[in-house]
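One structure coming up, written as structure tokens, with questions to follow.
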Amino acid sequence: MIRITLPDGTAREVARGTTPADIAAAIGPGLAKAAIAARVDGELRDIMRPLEADAQLALVTTRDEADALELARHDFAHILAEAVQDLFPGTQITFGPSTDDGFYYDVMAPASRGPFTMDDLPAIEEKMRDIIRADKPLRREVMARDALIATWQNAGESFKAEWAAELPEGEELSVYWSGDDWMDMCRGPHLASTGKLDPAAFKLTRVAGAYWRGDQKNPQLSRIYGTGWLNKKQLDAHLLRLEEAAKRDHRRLGQDMDLFHLQQEAHGSVFWHPNGYLIWRELESYMRRAIDGAGYKEVKTPQVMDARQWEQSGHWGKYRANMFVIPDEVPNVDDEGPVISGEADWMALKPMNCPAHVLIFRQGIKSYRDLPLRIYENGCCHRNEPHGALHGLMRVRQFTQDDAHIFCREDQIVEEVQAFCALADRVYKEFGFTYSIKLALRPDQRFGSDSDWDKAENELRDAVVRAGLATPEYGWEELPGEGAFYAPKLEWHLTDAIGRTWQVGTIQSDRVLPERLDASYVGEDGARHRPVMLHRAIFGSYERFIGILIEHYAGRFPVWLAPVQAVVATITSEADGYAHDVTAKLKAAGIRVEADTRNEKINYKVREHSVAKVPHLLVVGMREAEEGKVAIRSLGSDGQRIMTLDEAIAMLSHEATPPDIR
RNA sequence: GCUGCUGUAGCUCAGUGGUAGAGCGCGUCAUUGGUAAUGACGAGGUCGGGAGUUCAAUCCUCCCCAGCAGCACCA
């Protein structure tokens, strides 16, 4: 007999080999029906898997949504693989995990037919529904490793065989049978049968290439994605959320609102239109006020530097493939022969600002009294990104960072990092974001000694702990191997208005570059010391931050950021004169306002400016002209507010003032 | 960079082996109206670029470029 303890503290003596399903049945028929899995000593398990020893048992039902979704998605993935193999014999299966909103399975299509495409999805979906309707039992079986490898080899499943062969010898390998005719190697757990899934609660969404085991050198597989839920209602809600997110797409809104454009002659670099650049300018002004207040000095450094400088910093060796290089010579002007000789020295467009800031630091002799020295730049950088990585404003080849480097003594690091945490906190909150903080630890390939990495990681962790931010509430997490080659990174991940996260801010504690570029200061003791260099950014890049803001606000910018803050729209041309007076007064008050005196109906003007997401529409007809008033219709509300012109100016001026100086 | 898909008017898209169409936008005229589209007329396109097949290519084939969805990358 074994002793099974339930969540309410009661215990039951049952025979070894009893399943959680048996126990559920013993408790009551309702629970027996509702239970879909079990947590055994905290581990999620099949409801049909026999209990072998004393354990804490909690039965999982569909009301335990996170667990239930995880199980369902994992099952959907298996059924997807089974359906694909059923429809396309010769397809090899590899892996199929659950994801945040569903599942995928990586398969290798038979050589005869080529990769799968979207056109294959409807048939696969239908076959999946057949399998679900057939209510095939999902049965766990433990196999000896060698037997399993042989099974895979016989079945022509070379990927599965390769993986099984790499698992530790003697490990208990579980497989799951779907009925008696299909099997996959899997840790589980699974639902008791395919019929536990709702055939209307999933949808295959796309097909894409993915490398076997995530390595570019390996063969590329077809990854079939699906979204999977517990019922159709959840699926529909999810599809609706996707539609909402698509409406916020910064590329679409950027075009609709005439903010910027991209074109192939300069792909990956942004053409900012007047409206978009107004947002940029407001952000720049905002950031200047922030860094001025925080004791930074702003600089401007060269776009192009000798390649030797990048060799010394270590970037040439590691990132040359993504740098724009320029021969330092006069191009051949004859019609004959190549334009470039290929013999000149190389220069490179700067991919980052750090080395240039070190060069500024190195001018003159620095004393410990000069530290911390905080050097800021709106630094325009170029990186020749892989073409497939480019994405609207989010990943571009020319971008401007709100970049600063704090040169400080070791004993100043924690204090500086803490001050940065406070600054970042203020900025993100003023834009309406919540955030989480992560610490990215040393990568495998890195410069610098382990003891320096120990110090650097501890300092960053320490500062966050002292700032009181190393808590679950702030999503505190350490990410092994994710740091930069020269320093560990603290990362700020913003959560936007619809719950998506974006990594933007960072601060990195670097002892490598000061060493490589020979930065030093004279200490109290009269000797030379290395400063530590803190790399930090809050927006990350203006391009990307604006992209995030567009999606965060869904184009409805707060008044202080809105390119056009108000439009004065006339109802009849008799009010044109008054409209121009109102417009002039608002302009004099510093409001970005336009007059719309076109010969159009007020309905048309309301619609057009609403679609254009202008925050305030000031409607004026003869009534307002005679009374010296305006009828304000604000974006997002149907009604109007009648107020005097002075009241309107006071209200708009307040809203148009940036939050940091309001 | 890899896999797949896409590229037709300023935008969104339809279409065909015999060199093109809609809606919106734009222009002109009429209309002066009270809070999400007034009407009429009109002007716009070497159908992403190059090569090939064909009597004939926007359409079929190949190469290139860009975009999209993933993957890989992201100092």
Side-chain angles (χ1 to χ4, degrees), chain A residues 104 106 109 114-120 205-225 249 251-252 255-256 258 261-268 310 313-323 350-355 381 383-392 394-396 399 401 403 443 447 482-487 489 503 506 508 510 512-513 535 540-541 544 569-576 597-612 617-624 631-635 637-640:
Chain A
Y104 66 78
D106 287 347
F116 293 106
T117 69
M118 292 290 284
D119 296 338
D120 297 312
T205 49
R206 54 183 175 262
V207 183
Y211 300 104
W212 166 236
R213 307 176 76 167
D215 191 330
Q216 204 168 172
K217 292 194 273 296
N218 288 337
Q220 193 157 32
L221 311 165
S222 290
R223 177 169 296 177
I224 301 175
Y225 281 92
D249 191 309
R251 294 166 298 184
R252 161 150 296 285
Q255 184 178 74
D256 291 349
D258 196 17
H261 86 272
L262 297 155
Q263 66 181 63
Q264 76 181 71
E265 285 73 9
H267 76 282
W310 303 109
S313 68
H315 295 95
W316 189 254
K318 201 164 166 58
Y319 292 109
R320 190 168 63 230
N322 295 319
M323 287 168 69
K350 71 172 167 184
M352 52 176 357
N353 309 297
C354 342
C381 297
R383 294 180 188 172
N384 197 351
E385 302 285 4
H387 287 193
L390 300 174
H391 181 92
M394 300 304 188
R395 190 86 179 267
V396 288
F399 55 94
Q401 297 174 316
D403 198 9
F447 291 162
E482 300 275 312
F485 73 89
Y486 53 81
K489 303 193 272 193
Q503 201 239 297
T506 183
Q508 308 162 9
D510 175 15
V512 173
L513 271 187
H535 306 245
S541 87
R544 185 155 175 275
T570 50
I571 293 169
T572 77
S573 54
E574 288 179 304
D576 285 2
T597 56
R598 289 175 304 169
N599 178 12
E600 296 290 352
K601 290 190 173 178
I602 192 62
N603 285 330
Y604 181 88
K605 295 184 185 180
V606 167
R607 178 182 151 76
E608 196 177 83
H609 299 300
S610 300
V611 168
L617 188 60
L618 281 60
V619 177
V620 298
M622 285 318 288
R623 222 148 57 206
E624 287 75 15
I632 296 195
R633 183 189 167 113
S634 301
L635 191 61
S637 70
D638 287 336
Q640 58 171 344

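Hydrogens, waters and symmetry mates are skipped; everything else that's a heavy atom, side chains included, is used. So you know, we letter chains A, B, ... as the sequences are listed, proteins then strands, and number each from 1.
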Ignoring hydrogens and geometry beyond distance, is the side chain of A:Tyr211 in donor-acceptor contact with the base of B:G70 at under 3.5 Å?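 Under the 3.5 Å cut-off, the side chain and the base do not form any donor-acceptor pair.
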
P atom, B:A57 versus B:G18: distance in rounded Å?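 After rounding to an integer number of Å, I get 11 Å for this pair.
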
Just how far, in rounded Å, is P of B:C68 from CZ of A:Arg252?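 Taking atom P of B:C68 as the reference, CZ of A:Arg252 is at 13 Å.
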
B:A20 and B:G15, which share atom name C1', separated by this distance in whole Å: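 Pairwise C1' distance, B:G15 against B:A20, rounds to 8 Å.
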
Would you state whether a donor and an acceptor, one from the side chain of A:Gln255 and one from the base of B:C11, lie under 3.5 Å apart?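 In this structure, the two groups form no donor-acceptor pair.
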
Of the options B:U3, B:G34, B:G70, whose atoms approach the side-chain atoms of A:Arg206 most closely?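 Of all the options, the side chain of A:Arg206 is nearest to B:G70.
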
With hydrogens left out and only the distance checked, is there a donor-acceptor pair under 3.5 Å joining A:Arg395's side chain and the base of B:C74?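 It does, because a donor-acceptor pair links the side chain of A:Arg395 to the base of B:C74 below 3.5 Å.
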
Take the protein atom CE of A:Met622 and the nucleotide atom P of B:G34, then report the distance between them rounded to whole Å.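 Between P of B:G34 and CE of A:Met622: 15 Å.
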
Please classify the nucleic acid contact of A:Val619 as base, sugar-phosphate, or nothing, using heavy-atom distances under 4.0 Å.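 Contact class for A:Val619: base.
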
Salt bridge or not between A:Glu385 and A:Arg395? Use side-chain N to carboxylate O under 4.0 Å.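 Counted as a salt bridge, because a side-chain N and a carboxylate O are separated by less than 4.0 Å.
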
Would you say the side-chain atoms of A:Asn353 and A:Asp403 include a donor-acceptor pair closer than 3.5 Å?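 The criterion, which ignores hydrogens and geometry beyond distance, is satisfied for A:Asp403 and A:Asn353.
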
Is a donor-acceptor pair below 3.5 Å formed from side chain A:Arg633 to base B:A36, judging by atom type as modelled?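 Per atom types, the contact qualifies.
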
Whole Å only: how far is the CG atom of A:Asp576 from the C1' atom of B:U32?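 From A:Asp576 CG to B:U32 C1': 10 Å.
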
